[in-house]
Amino acid sequence: MGKLKPIEETGLWKVIVHFMEIMLFLMSAALATMVFITVPVRYIMKSSIFGIEEVIMMMAIWIYYLGAAYGSYEQSHINADILLHFVKNPKASKIIAIIKQVIAIVVFGAFGYWCIAKYLAWTIQSGGQSMQLHIPNWLPISMMAISFVLMTLYEIFHLYRIFKPYRPTDGKEVTAEEGEEVSAA
């Protein structure tokens, strides 16, 4: 039996990351285009495009939460790890990194549970829609749920990488702590 691939080399992992990158680019471009078109229509032509505010709002929510999931994937989200810059002991740094990851997992997991079990379920049950285009209210909220699930999974993955650094074929270790490379011995 062959050796299992690390998760970041699997097809599903790459598809999810590539999907997030493409969707963030396309939605950002579409959102910028819609805002660019809306301004002259509103202020020069003294008119409006029916329902565009609802579409802009929904896309902004999707971009925000998908961007948060992508930031969690690449560990570029805002965090309070200033303590790691002052602690010089590698063992203490690792303990702090583990605590930080566990807190992130608990927080994202709790928000994910709340978002899915309470907010999304309530929104689907209430059957609300937007005023003009009748977009179901659960549609933008679904991205919140998806992003919290992805953020939780990525943080679990980064915690795993603290314990088992990734060794690509070039012989360098890549740890979860800011993608640091360490020489493999």
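Throughout, residue positions are numbered sequentially from 1 according to the sequence presented.
Ring geometry for W114 versus Y119: interplanar angle under 30°, hence parallel rather than tilted (30 to 60°). Between W13 and Y154, the angle of the ring planes goes over 60°, which puts this pair in the perpendicular group of the 30/60° scheme.
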I146 vs Y65, test: side chain to side chain contact (heavy atoms under 4.5 Å, CB included). Steps then yes/no. CA-CA 8 Å; I146 291 167; Y65 281 98; over 6 Å; no
Between E53 and Q132, does the side chain to side chain contact (heavy atoms under 4.5 Å, CB included) criterion hold? Intermediate values first, please. CA-CA 9 Å; E53 294 89 3; Q132 295 176 333; 4.1 Å; yes
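When the side chains of ILVMFWY residues are joined at heavy-atom separations under 4.5 Å, either directly or via intervening members, L12 and L153 end up in two distinct hydrophobic clusters. L24 and L26 sit in two unconnected hydrophobic clusters of ILVMFWY residues. Membership requires side-chain heavy atoms under 4.5 Å apart, directly or through other members. Under the 4.5 Å side-chain heavy-atom criterion for ILVMFWY residues, a single connected hydrophobic cluster contains both M151 and V107. The cluster map of Ile, Leu, Val, Met, Phe, Trp and Tyr, joined by side-chain heavy atoms under 4.5 Å apart, puts I49 and V55 in the same cluster. Hydrophobic clustering, with ILVMFWY side chains joined whenever heavy atoms are under 4.5 angstrom apart, groups M144 together with I124.
A 4.5 Å side-chain heavy-atom check between L133 and F50 finds at least one atom pair inside the cut-off. Two residues are said to be in side-chain contact when any heavy atoms from C-beta on lie closer than 4.5 Å; Q129 and I135 fail this criterion. Side-chain contact between L150 and M20 is present, with heavy atoms from C-beta onward closer than 4.5 Å. Counting only heavy atoms from C-beta outward, the side chains of I56 and T38 approach each other to under 4.5 Å. S28 is listed as a side-chain neighbour of I63, based on a closest heavy-atom distance under 4.5 Å. V17 has its side chain within reach of Y73: a pair of non-hydrogen atoms, C-beta onward, lies under 4.5 Å apart. Side-chain contact between K164 and Y160: present, with at least one pair of heavy atoms (C-beta onward) separated by less than 4.5 Å. Between V35 and I52, the closest side-chain pair of non-hydrogen atoms is not below 4.5 Å.
Across V15, I22, I16, a single residue satisfies side-chain contact (heavy atoms from CB on, under 4.5 Å) together with H18, and that is I22.
Of all the heavy atoms in I7 and F157, the pair that sits closest is CG2-CE1, 3.3 Å. Here the closest non-hydrogen pair linking A145 and C115 is N-SG, 3.5 Å. Between W62 and L139, the shortest heavy-atom contact is NE1-O, 3.2 Å. The minimum heavy-atom distance between V87 and A92, with the atom names listed, is CG1-CB, 3.6 Å. Taking each heavy atom of A121 and A117 in turn, the nearest pair found is CB-O, 3.4 Å. Of all heavy-atom pairs spanning M27 and M59, the tightest one is O-CE, 3.4 Å.
Between the side chain of S72 and the main chain of A68, no donor-acceptor pair closer than 3.5 Å is present.
Expressed to the nearest 0.5 Å, how far CE of M131 lies from CD of E54 amounts to 8.5 Å. For the atom pair Y70 OH and S76 OG, the distance stands at 8.0 Å (nearest 0.5 Å). Separation of atoms OG (S130) and CE (M58) is listed at 8.5 Å; rounding is to 0.5 Å. A distance of 6.5 Å separates CG of N137 from OG1 of T123, quoted to the nearest 0.5 Å.
Checked for salt-bridge contact, E155 and K100 miss the test: no charged N lies under 4.0 Å from a carboxylate O. Using a cutoff of 4.0 Å between basic side-chain nitrogens and carboxylate oxygens, E8 and K14 are not scored as salt-bridged.
The aromatic ring centres of F108 and F111 sit 6.0 Å or more apart.
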